[in-house]
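All ligand and atom numbering here is 1-based and tracks the order in the structure.
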Amino acid sequence: MIPGGVNSPVRAFRAVGRQPFFVERAQGPWIIDADGNRYLDYVCSWGPGILGHAHPKVIEAVQRACEKGLTFGAPTAGEVELAELIRTCVPDMEMMRLVSSGTEAVMSAVRVARGFTGREKIIKFSGNYHGHSDGLLVKAGSGLMTQSVPDSAGVPAGYAESTLTAVYNDEESVRSLLEENRGQVAAVVVEPVAANMGVVPPKAGFLEFLRRITEKEGALLIFDEVITGFRLALGGATEYTGVHADLHTFGKIVGGGMPLAVYGGRKDVMSCVAPLGEIYQAGTLSGNPVAVTAGITTLRILMEDQGVYERIDRRAGKLAEAFEREGLTVNRVGSLLSAFFVPGWDAPETHAEGYQGKRRRVENYEDACGCDRQAFADYFNRMLERGIYVAPSQFEAMFVSDAHSDELIRKTCAAIGESVRQGA
Ligand code: PMP
């Protein structure tokens, strides 16, 4: 009844040649399937689960919110409270809108950029994913890479035409697109740390360059922080990198595990959104009171215990070391990491002392595409046999949560040692 048996394609486990498990429940770092198998979960619902699953305070707050009613289609104080918390964490969020998914957030931010600048084109980066709205499904990373479908069928050519694609970490590719399309580009939209072609950090100076050139060319800079927001730091990529964008999009963590996302930023830009301005954007369930409660509670927990970021960063570092010992190329930024099976990863010298710096780097979409998907699938399956669930694709991040204790991380490192090289 459901295409591929799943309601979002990467869940189907096709890239790793097996059927997905069906989840019964999840608690802390664990996810339990319908057959009663328990897995240590490094997918964390693809990012929201920074505190682990079913945090007692979040569940309790949500239960209380449910008792008051599930949706009103009218404003509530909670929406203002959440907006204030977001602005406290990310001061650049001067004005914002709550929506229900990351897709909606980025789609809306792009519309606002177009409405504000009066320009039509946008620049995105190959391998960056910004949700499945028509104009953004161009060279869009993760799910599409896993399926080997570069672009979606059903997207009118006209939409794709106004989406220009540059190469991540390649300043020249951005400069030349902006020059060829002078006065026509509304925005450059970027994952400030890319996490949908596997994790790919921005090279030193790359985000600063985007800031300077967009300002010079009169285009807006949009940070898609659906993954990085409240994950790299409370203040997201801006706090982590020091670079400021005009608009930001948040999802995942900000909804505390419920369908909620946010877009916003400069007040002069956001003041163009209806009913203040002429850019239309709306939603029956936007600012849903139950989702807002989950978001408020999650952000409050993170704000009260900022040790979370130090802990998840350190633990992710341990995982990275375990992968490096096996010869893999690791990209890690805070608690986000990916281990890449780059060609030659299994050559004996890759494991030699002092080899570290010579490993092939993964800096963009093309590098990521060159990885050995079969080796990844073998590793995935061996991890699953050992009760550890990592994302079923070479092109997704591994998410570390505060529920992954040091002891569990040690066990995971041992499993990595057994799973990567077996049969290599
Ligand atoms: N932007 C980024 C950077 C994402 O990673 C995602 C989803 N993984 C989205 C947008 C789309 O969010 P959603 O799946 O909530 O629509």
Judged by non-hydrogen atoms, does Trp46 sit under 4.0 Å from ligand 1?
-> no
Before accepting this row, confirm whether a basic side-chain N of the pair Glu94/Arg87 lies closer than 4.0 Å to the acidic partner's carboxylate O.
-> no
Report, in ascending order of atom number, the atoms of ligand 1 lying under 4.0 Å from any heavy atom of Glu191.
-> 3 (C)
Considering the heavy atoms of Thr103, write down every atom of ligand 1 situated less than 4.0 Å from one of them.
-> 11 (C), 12 (O), 13 (P), 16 (O)
Write out the residue and atom name of the closest protein heavy atom to atom 5 (O) of ligand 1, then the distance separating them to 0.1 Å.
-> Asn196 ND2, 3.0 Å
At a 4.0 Å threshold, what atoms of ligand 1 neighbour a non-hydrogen atom of Ile227?
-> 5 (O)
Hey, is Glu104 one of the residues with a heavy atom under 4.0 angstrom from ligand 1?
-> no
Where is the nearest protein heavy atom to atom 15 (O) of ligand 1: which residue, which atom, and how far?
-> Gly102 N, 2.8 Å
Salt bridge between Arg311 and Asp305, side-chain N to carboxylate O under 4.0 Å?
-> yes
Sidechain N-carboxylate O distance under 4.0 Å for Glu179, Arg175 = no
Angle class for the His404/Tyr42 ring planes (parallel below 30°, perpendicular above 60°, tilted otherwise)?
-> parallel
Considering the heavy atoms of Asp224, write down every atom of ligand 1 situated less than 4.0 Å from one of them.
-> 1 (N), 2 (C), 3 (C), 10 (C)
Who's the nearest protein heavy-atom neighbour of atom 7 (C) of ligand 1, and how far?
-> Lys252 NZ, 3.5 Å
Heavy-atom closest pair (Arg300 atom, Glu81 atom, distance to 0.1 Å) is NH2-OE2, 2.9 Å
So the atoms of ligand 1 within less than 4.0 Å of a heavy atom of Gly131 turn out to be 9 (C), 10 (C), 11 (C)
When you check the gap from the basic side-chain N to the acidic O, do Arg266 and Asp92 get nearer than 4.0 Å?
-> no
Near-ring test Phe13/Phe380, centroid separation under 6.0 angstrom | yes
